[in-house]
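Counting convention: from 1, in listed order, for ligands and their atoms alike. A quick note: this is a predicted structure, and the numbers were derived from the prediction, not measured. Position 1 is the first residue of the sequence, and the numbers go up from there.
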Amino acid sequence: MGARATETTRELESTSIKYQIGGHAEKMWQRLKGILRCLVKQLEKGDINVVDLKKNIEYAASVLEAVYIDETRKLLDTEDELSDIQSDSVPLEVRDWLASTFTREMGIVKRRPEEKPKFRSIVHAVQAGIFVERMYRRTSSMVGLAYPAEVIVTFKIPVPNLISFAEALEVGYSKYKNPYHNLIHAADVTQTVHYIMIHTGIMHWLTELEILAMIFAAAVHDYEHTGTTNNFHIQTRSDVAILYNDRSVLENHHVSAAYRLMQEEEMNILANLTKDDWRELRSLVIEMVLSTDMSGHFQQIKTMRHTLQQTEGVDKAKAMSLILHAADISHPAKSWELHYRWTMALMEEFFRQGDKEAALGLQFSPLCDRKSTLVAQSQIGFIDFIVEPTFSLLTDSMEKIVMPLIEEASKSESPAFGTPSQNSLGAVSNAEAQRRPSFKSTSDGGTHTENSLATVNLTSFKDNLMKIIQANKERWKELAVEEELVKNVGEQEKDQSRNSTDAQLQEETTRIQNESSQGSDGTTCPPRSIVLQVVSFDTPLSDESNSEKCTNSDPNQKDLTDAQQETQNTDPQNGEPKHCKKSEDSVKATEKEALIQN
Ligand code: CMP
Ligand code: MG
Ligand code: ZN
């Protein structure tokens, strides 16, 4: 038995404890390398017996395992990400909400006062554009639909099926008359996904099938949302919670129910896909929609950050999931008017859940008590800890994926950078596209230069987003001052101050109304009174009463539904509303809904 070999074994034994979980990965790797090199040398010299060799290899394996466990643990540990949240910088209620909503901890566990809050718990763009645009240009009959011949040839989705499917989606999104999770939110997220794909240039990395998957996933991502949270479903043991075993209850339902629609022949928009394409699209859609479950937020961010640090290419499904997730929480990156309206609509939805919780004798979920919720504070927390990091990661990811494509394309001087080529990340957009003859190359052949890689400006995309997010945060900070005041005064004063906050919100409402009643085209139309509804806390954004149409000078938009109008009324460049609609007098109280909606 070689003396050196025994030495190695001893050394391994004496130091192994240090390399258990929690050791420094870097040191462990060095150690492992040393051990293996030593073994190789001994083998070369024939200076080792089989028993020692076996022992040493087993030891090396255990060190390797410890490194693996340590790395995995770090990857799974979201605590680091959150530990910088100072306990007094974020109000308790907001921290409770962040912890219970954006991590996998189920339910809201009541904290003992001395306990510190824990946050662990916490078809190519053109064709995609056509898809969306045509989807919305529906008329009651097929008359008037004028498709260019090349679209008819390449468009794999039977138009009548698309119309039936889109109509069924609208019905499903309107089922619970939610102020926030309604057909306008679906249209908004779909349009935002489309915007991100074009303006980051990521569409040049994706195949047509993947672009279709993105648009489709966005369109169905909140289908038949009940206006209540996953936690509410779990607490009330709703049918869907039982069906999906408390796991991503709503998200499972959204995607499953949307696919169920397509079981009907006349709604099957995917009828012409090959078996392989159908399966691939389904797998992508399921992954994307499930990743909109906010309880996976921190894990998703952490995993993607980790991926960006590696030299390998970025996983497509992960990148696509991040785009959808970002679009889903994108209203803080849009103009204050839009962001404020969406926030208040969401708050109203939360408050209605709070009303139900009170009626059922349940504890209020965070942000669901209309009497005590700190709206402005919650928004600062939401922007700081959720929105900003998500968009920062999104732009970093897009940069890692798209920059090599841009470099490659500019070197080869492909027409308008329109010819996809292999990039250093191993992204083979063209090759991937060619794998599926039914979904040919993503190239636009340079005919649509406005969406080409050459026009992509990721820096301005990022700067613009961050500027808007910051500006919105500042607005909330102003409103938070008043909110804080209300919180700190005595009961009687509290009431008075609340009136003052109401007055401030009312003032904000009036200001926004005044601003938005002036259409960008100079025409005056009554504002869509989301803010008013929220101040009066009774009318949902998607209520039937909202279906009044704004007088619109564009005859093409006459037949559009609310969602279509909202989407088209939003300037995709800056998210600013171009038009507004819905008169104040149509703001009316809604009927009391069933306490638990399934
Ligand atoms: P959903 O659209 O299903 O997925 C994203 C979630 O983010 C959304 O539901 C809300 O629960 C949450 N969300 C979006 N905007 C805000 C906001 N302004 N404040 C708090 N939560 C938000
Ligand atoms: Mg959702
Ligand atoms: Zn959503």
Side-chain angles (χ1 to χ4, degrees), residues 90 93-103 169 172-173 176 178-193 217-233 240 244 248-258 285 288-298 300-301 321-334 336 338-353 365-368 373-388 390-391 469 472-473 475-476 479 530 534 541-542 563:
V90 188
E93 190 205 10
V94 176
R95 268 181 277 143
D96 265 351
W97 164 65
L98 287 168
S100 62
T101 308
F102 302 100
T103 71
L169 276 190
Y173 272 111
Y176 297 98
N178 303 324
Y180 182 90
H181 286 104
N182 52 48
L183 72 179
I184 305 175
H185 172 63
D188 179 47
V189 172
T190 309
Q191 186 258 333
T192 306
V193 158
V220 306
H221 88 281
D222 273 333
Y223 177 64
E224 287 190 339
H225 198 293
T226 53
T228 49
T229 60
N230 279 337
N231 192 50
F232 184 82
H233 279 280
V240 260
Y244 295 115
S248 300
V249 173
L250 282 163
E251 294 73 19
N252 270 305
H253 176 75
H254 304 320
V255 69
S256 168
V285 170
M288 278 188 273
V289 177
L290 291 186
S291 80
T292 63
D293 176 357
M294 295 302 280
S295 72
H297 167 83
F298 285 115
Q300 186 184 6
I301 298 295
S321 296
L322 180 64
I323 293 171
L324 180 58
H325 175 47
D328 204 14
I329 54 169
S330 64
H331 61 89
K334 296 176 182 176
W336 168 251
L338 279 179
H339 170 47
Y340 182 80
R341 287 160 58 166
W342 279 121
T343 301
M344 296 315 250
L346 182 63
M347 289 303 143
E348 174 55 16
E349 195 169 299
F350 284 165
F351 295 160
R352 288 181 192 187
Q353 176 174 318
S365 292
L367 307 196
C368 288
T373 290
L374 303 169
V375 177
Q377 290 280 9
S378 73
Q379 290 314 292
I380 297 166
F382 184 60
I383 291 175
D384 267 343
F385 301 115
I386 310 295
V387 180
E388 262 179 20
T390 303
F391 276 92
I469 293 172
N472 284 335
K473 193 162 77 181
R475 298 293 286 263
W476 286 120
L479 292 171
I530 298 172
V534 172
L541 184 54
S542 69

Regarding Q300 and S321, is there a side-chain donor-to-acceptor distance under 3.5 Å anywhere?
-> no

Donor-acceptor pair, Q377 side chain versus V94 backbone, under 3.5 Å?
-> no

T229, portion touching ligand 1 at heavy-atom distance under 4.0 Å | neither

Could you tell me whether a side-chain N or O of N230 sits under 3.5 Å from a main-chain N or O of L250, the two making a donor and an acceptor?
-> yes

Heavy-atom proximity to atom 16 (C) of ligand 1, picking from I329, V289, L346, V189, points to L346

Can you find an N/O atom of H181 closer than 3.5 Å to an N/O atom of ligand 1?
-> yes

Going by the order shown, which atoms of ligand 1 are within less than 4.0 Å of some heavy atom of M294?
-> 5 (C), 6 (C), 7 (O)

Identity of the N, O or S atom of D328 lying closest to the Zn ion (ligand 3) = OD1

Residue D222 atom name (nearest to the Zn ion (ligand 3); N/O/S) = OD2

Test side-chain hydrogen bond (donor to acceptor under 3.5 Å, both in side chains) applied to S295 and D293, step by step | CA-CA 5 Å; S295 72; D293 176 357; 3.0 Å; yes

How are the rings of H331 and W342 set relative to one another: parallel (under 30°), tilted (30 to 60°) or perpendicular (over 60°)?
-> tilted

Atom 15 (N) of ligand 1 sits nearest the protein heavy atom H331 NE2, 2.8 Å

On the 0 to 90° scale, with breaks at 30° and 60°, tag the W336-Y340 ring pair as parallel, tilted or perpendicular.
-> tilted

For the ring pair H325 and H221, is the centre-to-centre distance below 6.0 Å?
-> no

Degrees at the Zn ion (ligand 3) between the NE2 atom of H221 and the NE2 atom of H185, nearest 10° = 90°

Donor-acceptor pair, H339 side chain versus K334 backbone, under 3.5 Å?
-> no

Under 3.5 Å donor-acceptor, Y173 side chain and I184 backbone = no

With a 4.0 Å cut-off on heavy atoms, does W97 reach ligand 1?
-> yes

Residue D222 atom name (nearest to the Mg ion (ligand 2); N/O/S) = OD1

Between Q379 and N472, a side-chain donor and acceptor under 3.5 Å | no

Just which atoms of ligand 1 are under 4.0 Å from any heavy atom in T343?
-> 18 (N)

Looking only at non-hydrogen atoms, which of N472, D328, I386, V387 approaches atom 4 (O) of ligand 1 most closely?
-> D328

For ligand 1, is there an N or O atom under 3.5 Å from any N or O atom of H339?
-> no

heavy-atom search around atom 11 (O) of ligand 1 in the protein gives F350 CZ, 4.1 Å

Have a look at ligand 1 and work out which part of W342, if any, has a heavy atom under 4.0 Å from it: side chain, backbone, both or neither.
-> neither

Please say whether Q379 places an N or O atom under 3.5 Å from an N or O atom belonging to ligand 1.
-> yes

Please could you name the atoms of ligand 1 that H185 approaches to less than 4.0 Å, counting only its heavy atoms?
-> 2 (O)

Counting from 1, what ligand 1 atoms have a heavy atom of D222 closer than 4.0 Å?
-> 1 (P), 2 (O), 3 (O)

Under 6.0 Å between ring centres, would you say that holds for H225 and Y176?
-> no

